[in-house]
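Single-structure report; data block below.
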Amino acid sequence: MTLREAFGYGNTYLESRDIREPGLDAWHLLEYVTGKSRSDYYAHGEERLTPTQVIFYEKLLEKRGGRIPLQHLTGRQEFMGLSFRVNAEVLIPRQDTETLVEEALKILRPGMRVLDLCTGSGCILISLLALCPGMEGLGTDISPGALSVARENAAARGVKAEFRKSDMFARISGEPFDCIVANPPYIASRDIPGLMEEVREYEPRQALDGGEDGLRFYRILAKEAGSHLKSGGQMYLEIGCDQGESVPALLRSCGFSEVAVIRDLCGNDRVVKGTWIE
């Protein structure tokens, strides 16, 4: 089987399994198996895969056709131009979340302290520290498995950050932070059965389930974040596209000022920011 034939086979197979982007996924799996870049493919499309590569590729296609996420098969996901290790312990980083990082970077400076709650893979905190060197960062999560992935990602990027097991603010103390960021679980419990199978069956439910109305963790953030922010410190929260009114209202009711909603590249409400003034 040549590279060209392998790609065509993978595209057709995944299309028959109703995968949303069959060609893209087939390409990523072929690249993962062979180590060939797109330029290699176009220049040497008649190069043949080894028998072992063919078997491996077909097995990966079968798994992807069974709705196992592409990122769980390759173990990687790109975010803010960086490559992050991911597995079933963490939420797969989404492009939508880059909006949060881009907004926070506008106010961050070397010497600041940043707290990332519900850190998961660590992609938010690690991106901030990589793109604005000289800051101090703490990432927390309730999941030991997620924290292990985050530490691995930080080490791979050469980023110095502390990762600590904590249920929200339970184990946060000491000097207040200049900035708090979070992408908390925000899907209403009743809506989880209707999610895509890749998300519903393979991503950690505790990283998705925001309680009865999806606002459980925002209530905690709104009530407790001020105790951990310097006066003038800011908080940036990713939200669901239907939470552009409810989450800002929570922040305002708990004393945050300059509350605003930022939209993502698709025009959806995606980030809420607020300033804490004592």
Side-chain angles (χ1 to χ4, degrees), residues 3 6-7 9-11 13-14 17 19-41 49-98 101 116 118-131 139-161 163 165 183 185 195-208 238:
L3 287 169
F7 173 71
Y9 169 75
N11 183 35
Y13 179 85
L14 293 180
R17 297 302 189 274
I19 297 302
R20 179 175 293 180
E21 297 181 296
L24 187 61
D25 286 9
W27 166 253
H28 282 307
L29 291 176
L30 183 60
E31 183 181 41
Y32 176 64
V33 168
T34 65
K36 301 295 183 181
S37 67
R38 285 190 182 271
S39 59
D40 291 331
Y41 172 81
L49 279 67
T50 68
T52 299
Q53 287 175 331
V54 171
I55 293 171
F56 187 29
Y57 183 53
E58 289 176 341
K59 287 183 177 179
L60 290 176
L61 288 170
E62 184 178 353
K63 290 179 178 180
R64 182 67 191 103
R67 293 302 193 278
I68 295 177
L70 172 71
Q71 296 85 348
H72 288 181
L73 299 176
T74 65
R76 311 300 302 179
Q77 172 65 9
E78 296 293 316
F79 182 81
M80 292 299 296
L82 305 173
S83 179
F84 288 89
R85 171 166 166 68
V86 295
N87 59 24
E89 300 286 348
V90 300
L91 194 70
I92 296 168
R94 267 75 167 175
Q95 186 178 14
D96 294 340
T97 306
E98 293 185 354
V101 175
D116 176 23
C118 310
T119 194
S121 67
C123 66
I124 294 174
L125 181 61
I126 293 167
S127 296
L128 292 173
L129 296 177
L131 297 170
T140 69
D141 204 288
I142 198 171
S143 164
L147 291 169
S148 178
V149 174
R151 292 185 184 106
E152 183 178 340
N153 281 324
R157 304 271 10 133
V159 167
K160 291 185 178 179
F163 291 98
K165 186 176 186 296
N183 179 16
L195 296 175
M196 291 174 56
E197 186 177 346
E198 288 91 335
V199 178
R200 183 183 71 244
E201 298 298 328
Y202 293 101
E203 296 200 67
R205 183 172 179 124
Q206 67 181 6
L208 300 168
E238 179 167 340

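The residues of the chain are indexed from 1 along the displayed sequence. Side chains included, hydrogens not; waters and symmetry mates left out as well; all remaining heavy atoms used.
Thr74 is linked by a side-chain hydrogen bond (donor to acceptor under 3.5 Å, both in side chains) to nothing, counting only residues two or more places apart in sequence or in another chain. With sequence neighbours excluded, the residues forming a side chain to side chain contact (heavy atoms under 4.5 Å, CB included) with Lys63 are Ile68, Leu73, listed by chain and number. Residues that satisfy the side chain to side chain contact (heavy atoms under 4.5 Å, CB included) test with Glu31, not counting sequence neighbours, are Trp27, His28. Under the side-chain hydrogen bond (donor to acceptor under 3.5 Å, both in side chains) criterion, Asp40 pairs with Ser37, not counting sequence neighbours. Listed by chain and residue number, Glu198 satisfy the salt bridge (charged side-chain N to carboxylate O under 4.0 Å, His left out) test with Arg67 (two or more places apart in sequence, or in another chain). Residues satisfying the side-chain hydrogen bond (donor to acceptor under 3.5 Å, both in side chains) criterion with Arg205, sequence neighbours excluded, are Asp209. With sequence neighbours excluded, the residues forming a side-chain hydrogen bond (donor to acceptor under 3.5 Å, both in side chains) with Glu203 are Arg94, listed by chain and number. Applying the side chain to side chain contact (heavy atoms under 4.5 Å, CB included) criterion to Leu131, with sequence neighbours excluded, gives Met80, Leu105. Applying the side chain to side chain contact (heavy atoms under 4.5 Å, CB included) rule to Ala130 yields the partners Leu82, Val159; only residues at least two apart in sequence or on another chain are considered. Here Asp25 pairs with Arg64 under the salt bridge (charged side-chain N to carboxylate O under 4.0 Å, His left out) rule; sequence neighbours left out.
Side-chain contact check for Lys165 versus Pro144: some heavy-atom pair is nearer than 4.5 Å. At a threshold of 4.5 Å between non-hydrogen side-chain atoms, the residues Leu61 and Leu14 count as touching. Between Phe163 and Leu125, some side-chain heavy-atom pair lies under the 4.5 Å cut-off. Taking the side chain as every heavy atom from C-beta outward, Leu49 and Leu30 approach each other to under 4.5 Å. Residues Glu58 and Tyr9 are in side-chain contact: their nearest non-hydrogen atoms beyond the backbone lie under 4.5 Å apart. The closest side-chain heavy-atom distance from Leu3 to Phe7 is not below 4.5 Å.
Sorted by first and then second residue, the pairs that involve residues 140-153 and meet side-chain hydrogen bond (donor to acceptor under 3.5 Å, both in side chains), not counting sequence neighbours, are Arg85-Glu152.
Not one N or O on the side chain of Asp116 forms a donor-acceptor pair closer than 3.5 Å with the backbone of Gly139. At distances below 3.5 Å, not a single donor-acceptor pair connects side-chain atoms of Tyr57 with backbone N or O atoms of Val33.
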Hey, mind stepping through Gln53 and Thr34 against side-chain hydrogen bond (donor to acceptor under 3.5 Å, both in side chains) and telling me if it holds?
CA-CA 7 Å; Gln53 287 175 331; Thr34 65; 5.8 Å; no
Dump the intermediate steps for side-chain contact (heavy atoms from CB on, under 4.5 Å) on Tyr32 and Leu70, then the final yes or no.
CA-CA 11 Å; Tyr32 176 64; Leu70 172 71; over 6 Å; no
Give the C-alpha distance, both sets of side-chain angles, the deciding distance and a yes or no for side-chain contact (heavy atoms from CB on, under 4.5 Å) between Ile124 and Thr119.
CA-CA 7 Å; Ile124 294 174; Thr119 194; over 6 Å; no
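Summarising the geometry of Ala150 relative to Gly120, their closest heavy-atom pair is CB-O, 3.5 Å, with the distance given to 0.1 Å. Considering every non-hydrogen atom in both Val101 and Ser127, the closest pair reads CG1-CB, 4.2 Å. Considering every non-hydrogen atom in both Ile19 and Gly65, the closest pair reads CD1-CA, 4.3 Å. Looking at every heavy atom in both residues, Cys123 comes nearest to Phe84 through CA-CE2, 3.6 Å. Of all non-hydrogen atoms in Phe79 and Glu98, the two that sit nearest each other are CE1-CG, 3.5 Å.
Within a 6.0 Å sphere centred on CD of Glu62, heavy atoms belonging to other residues, nucleotides or ligands number 12 at most. Within a 6.0 Å radius of CD in Gln95, no more than 12 heavy atoms belonging to other residues, nucleotides or ligands are found.
Distance check, rounded to the nearest 0.5 Å: CG of Asn11 to CG of Leu24 gives 10.0 Å. The CZ atom of Arg76 lies 13.0 Å from the CD1 atom of Ile92; values are rounded to the nearest 0.5 Å.
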